[in-house]
There are 2 protein chains.
Amino acid sequence: MASIKDVAAAAGVSVATVSRVLNDHPSVSADARARVLAAVTALGYRPNAVARSLRTDQTRTLGLVISDVLNPYFTELARSVEEEARALGYSVIIGNADERPELQDHHVRTLLDRRIDGLLVSPTDGGSPLMLDAARTGTPMVFVDRWIEGVDVPVVRSDGRAAVRDLVAHLHRLGHRRLAIIAGPAATTTGRERVDAFREALSAYGIPLPDAYRGQGDFQAESGRRATEGFLDLPEPPEVVFAADNLMALGALDAIRARGLRVPDDIALAAFDDIRWFVHTDPPITAIAQPTGDLGRAAVRALVDRIEGRPPASVTLPARLVVRRSCGAPAAAQAPAVRLSPMQRSTS
Amino acid sequence: MASIKDVAAAAGVSVATVSRVLNDHPSVSADARARVLAAVTALGYRPNAVARSLRTDQTRTLGLVISDVLNPYFTELARSVEEEARALGYSVIIGNADERPELQDHHVRTLLDRRIDGLLVSPTDGGSPLMLDAARTGTPMVFVDRWIEGVDVPVVRSDGRAAVRDLVAHLHRLGHRRLAIIAGPAATTTGRERVDAFREALSAYGIPLPDAYRGQGDFQAESGRRATEGFLDLPEPPEVVFAADNLMALGALDAIRARGLRVPDDIALAAFDDIRWFVHTDPPITAIAQPTGDLGRAAVRALVDRIEGRPPASVTLPARLVVRRSCGAPAAAQAPAVRLSPMQRSTS
DNA sequence: CACGTCGATGTAAACGATTCCACGAGGAGG
DNA sequence: CCTCCTCGTGGAATCGTTTACATCGACGTG
């Protein structure tokens, strides 16, 4: 592969001049510039990003460590992150933690070794020494969706508290009183927060959240299935299951179907995180939708601000309830609730 | 960040010795090794992958350019690719082309500039000059899922011909005679092949595929919706719509629902590519399932073979029909067809 | 006319690793 | 006791860039 030296030789100039042309430094004669450009195309020369990074100590690359690529929420997040990063002149390297802390660490380490300019993380756990260390030693970092407490890192996330209140109001209006939740891992902020918000919203109606109605999941489908089976085995099963993410809702659906029960007649179902398929499931699933694209973009902007020396800001965006039929009552009967038309896409 | 020089100084040895310890070269005394290792942990030293790559001319990184991250098929492919690559000691950088050739080129260029060791591509089009050039000039490359004809690059893909025959047999048995397909872009092999396989299977029953029953899509949901609307506007609409990928099936479902029609009573639906949600859609969707994980792993092995100087082999794996209810007749009535249990996951 | 300025260019030193080569010490074999 | 190997080690070149500094001519100004 041709190097800058070959170009310099072909153009009859020094490598310095070639480099100047490539980085459009002002002080280069039109003649030299033309000869260099000609040589570049003749040789099909492309600058070696590795060498450039070594010299300039920047890679123009962002690392993104997400909890699970198979989760459509994160996949959409990843897409918007890449899009915004590209617009700002950065590339993105994605690391998939698969909800496993050790895999998350593997990716953080690899990304750090590659000297990425900044790191976007949606932590799977409470924070490994490695990640805490990276944050402390000044690696530009931003948390997105989930975060770690007690670390001085900007957080870009959405607040589902109001939407969860709306959901509980909706459920209460439909007459449901025995409400259960499948929680995410307690080590994650979203794992805890969604439960807290749910419990708080319930208490406004004087409804308790017994331990038996709090299933423990790990944000993966299989755990949703197990937790739901637990609920269904109870002497008094809940009337509603609220899954803290879309994959656990899928698992819940599997479990319900396996018992030959129907949603919402036998048991109602709602989920955190809206995905396109929820419109077409049987029945369409009521969900809490996050402004995923906006989150991704805001996170990138915060990180790039940090990298380029501007003060980064934390951002919190509201989530909203999308009522469908999985909790009972025809959606048409719902008066004021916001609805997604079947074809509405998240803005992207 | 500490460099190898700092480690050398701390350990009282030369950088050469540090490097030898790090790459466990045999000829290093136990004493020196111990001192170096101590210094490494004391300083929290991590080798700079950029510098190492520059010197060794290898990055131990694979590029993966996929057509659309939002498509669960590709997301699962990406996951298995990363998994296998990691097992073989490589990292993966994913580029998402969003079915746009110019974006695909952008990513190929970026990946090449970063001097990745090899490239895995599922081409969005017939092959840009850039990609053809890369293939010709010896960049280790493997096509996965889709490929480009006339280029000497191994292909790892699945053959859906038999499964499509099974599908058509299934549809014919149910009494359907007017069968339509939503095709993918003609510039992609999968876009053409699936139509060819379908037409061929139909002809075995003496059924033609009129132009009006061949909708043109681009593998995105919106195009599936438009094509389906076109079908429904026909004086004699088809009895079955076969979408060449899962997203266009989603669009088709949107269009059918928007007209207030029911599947399969008013119109039947089937899709290429099986995804977990198809079990829970209304109704569950009959689909052709590819061995996605196996494809990803085989592709990585082929590419790494190529990179490490072993002869790479093309691989073709069979797809299979998964009968559900979207084409009519209770699935229970289906005698010999292979079925996915609701909880079956792709092996991973 | 001399001098300072400025624009265009080249030379060479980094960046952080790997690796070839040389060198010295010590042990084995004659 | 000399020679030759082997082992452990360090010096220095190298990978492909960027960039500080030096140089050199031309030009404008006092």
Side-chain angles (χ1 to χ4, degrees), chain A residues 1-40 43-61 89 91 109-117, chain B residues 1-40 43-61 89 91 109-117:
Chain A
M1 187 152 263
S3 86
I4 197 172
K5 277 188 203 148
D6 304 315
V7 176
V13 296
S14 73
V15 294
T17 300
V18 176
S19 176
R20 277 188 278 255
V21 171
L22 264 26
N23 297 286
D24 40 41
H25 184 95
S27 137
V28 170
S29 70
D31 174 57
R33 175 179 316 268
R35 291 212 314 281
V36 167
L37 260 20
V40 164
L43 296 173
Y45 168 76
R46 297 245 78 212
N48 183 328
V50 175
R52 193 198 291 256
S53 294
L54 177 60
R55 180 56 229 251
T56 62
D57 198 35
Q58 54 163 334
T59 51
R60 296 209 69 87
T61 300
S91 303
R109 204 181 334 264
T110 310
L111 291 167
L112 257 23
D113 286 355
R114 291 175 174 256
R115 301 302 193 264
I116 45 145
D117 294 342
Chain B
M1 186 150 265
S3 87
I4 197 172
K5 275 186 205 151
D6 304 314
V7 175
V13 297
S14 72
V15 294
T17 299
V18 176
S19 176
R20 277 188 279 254
V21 170
L22 264 28
N23 298 285
D24 41 41
H25 184 94
S27 141
V28 171
S29 69
D31 174 57
R33 175 178 316 268
R35 291 213 314 283
V36 167
L37 260 20
V40 164
L43 296 173
Y45 168 76
R46 296 245 79 214
N48 183 327
V50 175
R52 192 200 291 257
S53 293
L54 177 60
R55 180 58 229 252
T56 61
D57 199 34
Q58 55 163 332
T59 50
R60 296 207 69 86
T61 301
S91 302
R109 204 180 336 265
T110 310
L111 291 167
L112 258 24
D113 286 356
R114 288 172 177 264
R115 300 302 194 265
I116 46 144
D117 293 341

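Order of the sequence lines sets the chain letters (A, B, ...), proteins ahead of strands, with each chain counted from 1.
Fit an axis to the five pairs at each end of the helix from C:dC1-D:dG30 to C:dG30-D:dC1 and the two axes sit 50° apart, to the nearest 10 degrees.
The CG atom of A:N48 sits 9.0 Å away from atom CE of A:M1, with the distance rounded to the nearest 0.5 Å. From B:S53, atom OG reaches atom CD of B:Q58 across 7.5 Å, with rounding to the nearest 0.5 Å.
Side chains of B:R114 and B:T61 form no contact here, defined as non-hydrogen atoms less than 4.5 Å apart. Within the 4.5 Å cutoff, the side chain of A:L22 has heavy atoms near those of the A:V18 side chain.
Under the salt bridge (charged side-chain N to carboxylate O under 4.0 Å, His left out) criterion, B:R46 pairs with A:D113, sequence neighbours left out. Evaluation of the side-chain contact (heavy atoms from CB on, under 4.5 Å) rule for A:D57 yields no partner, not counting sequence neighbours.
Distance A:D57 CG to D:dT19 C1': 14 Å, rounded to the nearest Å. A straight line from CZ of A:R35 to C1' of C:dA8 spans 12 Å, rounded to a whole angstrom. In this structure, B:R46 places its CZ atom 16 Å from P of C:dG16, rounding to the nearest Å.
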Inset, instruction - Classify every nucleotide of nucleotides 6-16 of chain D by which part a protein heavy atom approaches to under 4.0 Å, writing B for the base, S for the sugar-phosphate alone and - for neither, in 5'-to-3' order. - result: --BBBB-BBBB
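Residue contacts for B:N23: at a heavy-atom cut-off of 4.0 Å it reaches the sugar-phosphate backbone alone, with no base atom in range.
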Check: residues 2-12 of chain A side-chain donor-acceptor pairs under 3.5 Å, at least two apart:
{"unit_1": "A:S3", "atom_1": "OG", "unit_2": "A:K5", "atom_2": "N", "d": "3.1"}
{"unit_1": "A:D6", "atom_1": "OD2", "unit_2": "A:S3", "atom_2": "N", "d": "2.7"}

With a cut-off of 3.5 Å and sequence neighbours excluded, list every side-chain donor-acceptor pair involving residues 24-34 of chain B.
{"unit_1": "B:S29", "atom_1": "OG", "unit_2": "B:A32", "atom_2": "N", "d": "3.1"}
{"unit_1": "B:D31", "atom_1": "OD2", "unit_2": "B:R35", "atom_2": "NH1", "d": "2.6"}

